Amino acid sequence: MRRFRLFLLMVPLWLWSCGGENTSSYVKSPGQEKSTKTKVLETGAAVMQDKTPLKKLNMYLDGFHFYNGNIKGQMEAHHYCTKINEDLTQCVMYDGNGETAKIMGVEYIVSEKLFRTLPMAERELWHSHAYEVKSGELIAPGIPDVAEHELMEQIVSTYGKVIHTWHTDQDLELPMGIPQIMMGFTKDGQLDPKLLADRDARFKVKATEKQQQRADIPMPKPVPGANAWEQGKVKQLQVTSEPDVSAHAH
C-alpha cells in the first residue's frame with residue numbers, strides 16, 4: 001500500500017517524462033518532401049480537429065517480437081497503448097519513437113481472466129508476457145522505477161495478440177506482403193543479445209538490473225493454449241483466392 005501511494009505521487013512525473021526520441025525509424029520511404037500547403041493543413045488540423053482516441057495512448061512500452069514460425073525473425077517494437085479497462089489494453093506499435101517512426105502493427109492485451117474465456121483455437125494466436133516482464137526485456141521508458149514496477153506487476157500475467165502490418169526489418173521503403181502474427185520470447189537465449197544490448201544502450205537501462213528489480217514479482221504459469229509455437233502449433237496469415245466469408249459474416 002505504501003508503494004502504491006508513492007506510485008500515485010509519481011503520476012505527474014510519469015506524465016511529464018517521455019523516455020523517447022532516441023530510436024530512429026529503419027525505414028526510408030520514397031516520396032517528395034512535404035509542401036508548404038501540406039504543412040499548413042497539418043498545422044490547422046492539429047489545432048482544430050479533435051483526436052480523443054490518440055490522446056488516450058498514454059502508456060509507452062518497449063519490447064521485442066518474432067515472426068510466429070520463425071524465431072530468428074526478431075525486431076524491437078515501440079508500443080503506445082490505451083488501457084480500455086482493467087482487463088483490456090490496445091496498442092499501436094512503431095519501429096521507432098521519433099517524428100519519422102512508422103506504424104508496424106497493433107497489439108491487443110488481455111488479463112488472464114479474459115484469456116481463460118477464449119476458445120483453445122483462439123488462444124494459439126496469443127503469447128504470454130511473464131518472461132518478457134521477469135527478464136527485463138519489456139520496459140516502460142521514461143517513468144520512475146517504482147512506477148514501472150507497479151505497471152509490470154499488472155502486465156506479468158497478461159497475454160498479447162500481435163499482428164505486424166509492416167515488416168520494417170525487411171521492407172525498408174513501403175509496407176509489403178501479408179500481415180504476420182508475432183510472438184513473444186519465453187526463455188533465456190531466444191532473443192538476439194545484440195538487439196537487447198542496442199536497446200539498453202539507447203535507453204540507458206540494463207535488462208539485468210530490471211530483472212533484479214522485478215525478482216519479487218511472482219512468475220505466473222502460462223495458461224494452456226498460449227505460446228502454442230512451443231508445441232509446434234504455428235498459425236500464420238496467408239492470402240487465399242477463396243476466403244471464408246462466413247467466418248466474419250454480419
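Keep in mind that this is a model prediction, so the values were computed, not measured.
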Apply salt bridge (Lys or Arg N to Asp or Glu O under 4.0 Å) to the pair E137 and R199, showing each step before the final yes or no.
CA-CA 9 Å; E137 287 182 8; R199 191 285 303 275; over 6 Å; no
Where the side chain of [X] meets the backbone of [Y], is there a donor-acceptor pair that is under 3.5 Å apart?
{"X": "D95", "Y": "T168", "result": "no"}
{"X": "R123", "Y": "L118", "result": "yes"}
{"X": "K210", "Y": "S135", "result": "no"}
{"X": "Q74", "Y": "Q190", "result": "yes"}
{"X": "Q236", "Y": "N68", "result": "yes"}
{"X": "W166", "Y": "D171", "result": "yes"}
{"X": "Q90", "Y": "T82", "result": "no"}
{"X": "H79", "Y": "A77", "result": "yes"}
{"X": "D62", "Y": "I139", "result": "no"}
{"X": "Y159", "Y": "L114", "result": "no"}

Going only through I, L, V, M, F, W and Y residues with side-chain contacts under 4.5 Å, is there a path from [X] to [Y]?
{"X": "M182", "Y": "M93", "result": "yes"}
{"X": "V234", "Y": "L125", "result": "yes"}
{"X": "V92", "Y": "Y60", "result": "yes"}
{"X": "I178", "Y": "I181", "result": "yes"}

Show the numbers, then the answer: is there a side chain to side chain donor-acceptor pair (under 3.5 Å) between Y80 and N97?
CA-CA 10 Å; Y80 295 88; N97 56 22; 4.9 Å; no
Is it the case that T186 and N227 place a side-chain donor and acceptor less than 3.5 Å from each other?
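Note: T186 and N227 side chains miss the donor-acceptor criterion.
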Minimum heavy-atom separation for D87 to S111, with atom names?
OD1-OG, 2.6 Å
Could you walk me through whether E86 and K113 pass the salt bridge (Lys or Arg N to Asp or Glu O under 4.0 Å) check?
CA-CA 10 Å; E86 286 301 307; K113 180 178 71 174; over 6 Å; no
Should H149 and D216 be marked as a side chain to side chain donor-acceptor pair (under 3.5 Å) after you check the CA-CA gap, both sets of side-chain angles, and the distance that decides it?
CA-CA 10 Å; H149 192 283; D216 63 321; 2.8 Å; yes
For F185, which of Y131, F66, F64 qualifies under ring pair (Phe, Tyr, Trp, His ring centres under 6.0 Å)?
F66
So which pairs with a foot in residues 63-117 pass disulfide (SG to SG under 2.5 Å), sequence neighbours left out?
C81-C91
Kindly indicate, with the supporting measurements, whether the criterion salt bridge (Lys or Arg N to Asp or Glu O under 4.0 Å) is fulfilled by K194 and D198.
CA-CA 6 Å; K194 293 181 180 178; D198 178 64; over 6 Å; no
Between R214 and E153 (salt bridge meaning N to carboxylate O under 4.0 Å), is one present in this structure?
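Looking at R214 and E153, the cut-off is not met.
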Can you tell me if F203 has over 12 outside heavy atoms packed within less than 6.0 Å of its CZ?
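Yes, the 6.0 Å shell around CZ holds more than 12 heavy atoms from other groups.
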